[in-house]
Protein chains: 2
Amino acid sequence: MRLTTKGRYAVTAMLDLAFHSEKNPVTLTDIATRQTISLSYLEQLFARLRKSGMVKGVRGPGGGYKLSREVENINIADIIEAVDEPVDSTKCGGKGDCQDGQPCLTHDLWMGLSDQIRNYLKGISLGDLLDREEINNVSQRQDKKVEHVMNIKSA
Amino acid sequence: MRLTTKGRYAVTAMLDLAFHSEKNPVTLTDIATRQTISLSYLEQLFARLRKSGMVKGVRGPGGGYKLSREVENINIADIIEAVDEPVDSTKCGGKGDCQDGQPCLTHDLWMGLSDQIRNYLKGISLGDLLDREEINNVSQRQDKKVEHVMNIKSA
DNA sequence: CTAATACTTGACTAATTTACTTGGTTTATT
DNA sequence: AATAAACCAAGTAAATTAGTCAAGTATTAG
């Protein structure tokens with residue numbers, strides 16, 4: 001399990017998607033604009049997310065991307081692993097014959113730790129983040145937007 | 001908080017150090033040999049670890065590196081952050097003025113998640129890993145070594 | 001004191017990954 | 001048919017990683 005900006009982009013994009021795809025599919029152009037990620041980079045990320053079955057592409061005008069599962073059933077670990085290259089962190093190909101009788105301390109250690117982090121992130125769903133974000137930040141913004149619209153109407 | 005091979009190298013090296021520095025300082029050459037990491041790369045990593053005060057270099061013949069705290073008081077998050085470049089994950093420098101009124105969803109989201117992972121890793125000490133490793137893997141090896149010695153003696 | 005050992009510093013390099021660009025092709029809606 | 005979108009492929013610049021090289025400085029055993 002690695003944790004890089006690439007994974008962050010993916011999680012952010014998925015959160016944006018979850019947040020905006022209540023009814024209609026969301027275009028990558030929209031996500032790109034909102035999250036300031038290049039469109040083609042998003043395309044690459046979503047190609048992987050699609051291959052691992054978390055999103056569905058809808059072609060043609062009015063199309064875009066939809067989540068293929070409920071937000072509660074998409075976890076952060078899956079998103080990150082979908083876009084990450086799997087890394088062989090061993091030097092001996094997992095056979096444990098690296099060195100003079102001290103086989104793969106690296107491997108044993110990091111795999112264990114890595115598993116713990118993975119499990120931890122598996123326990124956090126897109127829905128969890130959505131709730132958290134919604135309450136803490138975005139809802140305030142949306143309230144302001146609504147206010148703004150009401151001001152225009154009443155003016 | 002990022003999680004890369006660089007951090008893994010650092011954690012592994014620190015664990016190796018913890019494991020071998022009961023009495024005498026451990027040379028980077030030894031760690032490099034045992035863990036198959038290049039010496040000069042280790043030097044770079046340990047320069048950072050020293051600057052953040054987790055290890056102490058002992059010069060001269062018989063010198064090497066020692067932990068400057070008890071293994072219980074060195075946590076994984078600190079090790080990783082010592083060797084990692086700090087990354088500004090925002091595009092607006094943390095001011096929240098990225099985009100058309102949608103300020104830094106990326107930042108809010110990832111910082112929160114990142115903090116959780118950091119806290120999680122802060123809760124795991126070098127001592128914890130040491131115990132775990134010792135019980136799960138190394139002890140078996142040691143047992144075999146003892147067996148081996150006994151076989152030789154009885155032969 | 002001096003030689004061996006070991007850390008220090010800095011510059012440099014190859015490989016890899018990241019993030020992005022360009023230029024297409026399909027597909028489905030209007 | 002025109003358009004808007006996903007989908008695809010190749011290439012690229014910048015950043016990071018991992019490692020190399022070389023010329024130091026500090027320490028201490030002998």
Side-chain angles (χ1 to χ4, degrees), chain A residues 2-13 17 20-21 24-33 35-52 54-68 80-91 106, chain B residues 2-13 17 20-21 24-33 35-51 54-66 68 80 82-91 106 110:
Chain A
R2 289 184 307 163
L3 217 54
T4 64
T5 49
K6 193 175 191 174
R8 182 172 73 236
Y9 275 124
V11 173
T12 305
L17 176 55
H20 293 93
S21 67
N24 301 318
V26 180
T27 70
L28 291 190
T29 308
D30 284 354
I31 299 179
T33 306
Q35 306 302 333
T36 26
I37 307 172
S38 97
L39 176 59
S40 317
Y41 194 44
L42 270 184
E43 280 175 351
Q44 285 175 41
L45 297 181
F46 272 76
R48 285 169 176 273
L49 293 169
R50 188 167 41 81
K51 269 168 203 155
S52 45
M54 359 185 84
V55 298
K56 265 196 311 195
V58 180
R59 291 180 153 203
Y65 275 100
K66 308 191 305 177
L67 298 177
S68 39
I80 291 173
E81 279 176 350
V83 300
D84 265 347
E85 228 64 41
V87 183
D88 177 25
S89 66
T90 70
K91 302 219 166 182
T106 313
Chain B
R2 289 184 306 162
L3 217 54
T4 64
T5 50
K6 193 175 191 174
R8 183 172 71 235
Y9 276 125
V11 174
T12 305
L17 176 55
H20 292 94
S21 67
N24 301 318
V26 180
T27 69
L28 292 190
T29 308
D30 284 354
I31 299 179
T33 307
Q35 305 304 331
T36 28
I37 306 173
S38 98
L39 176 60
S40 315
Y41 195 43
L42 269 184
E43 281 172 351
Q44 286 174 39
L45 297 180
F46 272 78
R48 284 171 178 272
L49 293 169
R50 190 169 42 79
K51 270 169 201 153
M54 0 185 86
V55 298
K56 264 197 312 195
V58 179
R59 294 178 152 203
Y65 275 100
K66 309 191 305 179
S68 40
I80 291 174
V83 299
D84 266 348
E85 229 62 42
V87 183
D88 178 24
S89 67
T90 70
K91 300 219 167 185
T106 313
W110 199 256

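Every heavy atom of this structure was used, including side-chain atoms; hydrogens, water molecules and symmetry mates were not. Every chain is numbered from 1 and lettered A, B, ... according to where its sequence line falls, protein lines coming before strand lines.
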- Message: Once rounded to the nearest 0.5 Å, what's the spacing between atom CG of A:L49 and atom OH of A:Y65?
- Response: 8.5 Å

- Task: Write down the atom of A:S38, the atom of A:A32, and the distance for their closest heavy-atom approach.
- Result: C-CB, 4.5 Å

Which nucleotide in [options] has an atom nearest any side-chain atom of [X]:
X	options	result
A:P61	C:dT29, C:dA19, D:dT17	C:dT29
A:R59	D:dC8, D:dA6, D:dG19	D:dA6
B:S38	D:dT27, C:dT18, D:dT20	D:dT20
A:Q44	C:dC20, C:dT29, C:dT5	C:dC20
A:T4	C:dA19, C:dT22, C:dT18	C:dT18
A:Y65	D:dA6, D:dC7, C:dC7	D:dC7

Would you indicate what [X] reaches in the nucleic acid, counting non-hydrogen atoms under 4.0 angstrom: base, sugar-phosphate, or nothing?
X	answer
B:G57	nothing
A:T27	sugar-phosphate
B:L39	nothing

Would you tell me if any nitrogen or oxygen in the side chain of [X] comes within less than 4.0 Å of OP1 or OP2 on [N]?
X	N	result
A:T5	C:dA19	yes
B:R2	D:dT16	no
A:R50	D:dC8	yes
A:Y41	C:dA19	yes

- Task: Mind calculating the distance between CG (A:L42) and C1' (D:dA5) to the nearest angstrom?
- Result: 14 Å

- Query: A:Q35 CD to C:dA19 C1': how many Å, rounded?
  - Reply: 16 Å

- Audit row: A:E43, A:R50, salt bridge (Lys or Arg N to Asp or Glu O under 4.0 Å) steps and yes/no: CA-CA 10 Å; A:E43 280 175 351; A:R50 188 167 41 81; over 6 Å; no

- Task: For B:G60 and for A:T29, locate the closest nucleotide of DNA chain D by heavy-atom distance; then report the residue assigned to the nucleotide nearer the 5' terminus.
- Result: A:T29

- Query: Could one point to a donor on the side chain of A:E43 or the base of D:dC7 with an acceptor on the other under 3.5 Å away?
  - Reply: yes

- Query: Is B:T27 reaching over with its side chain to a backbone N or O of B:G64, donor-acceptor style, under 3.5 angstrom?
  - Reply: no

- Message: Tell me if a side-chain donor or acceptor on A:S52 pairs with a main-chain N or O of A:R48 at a distance below 3.5 Å.
- Response: yes

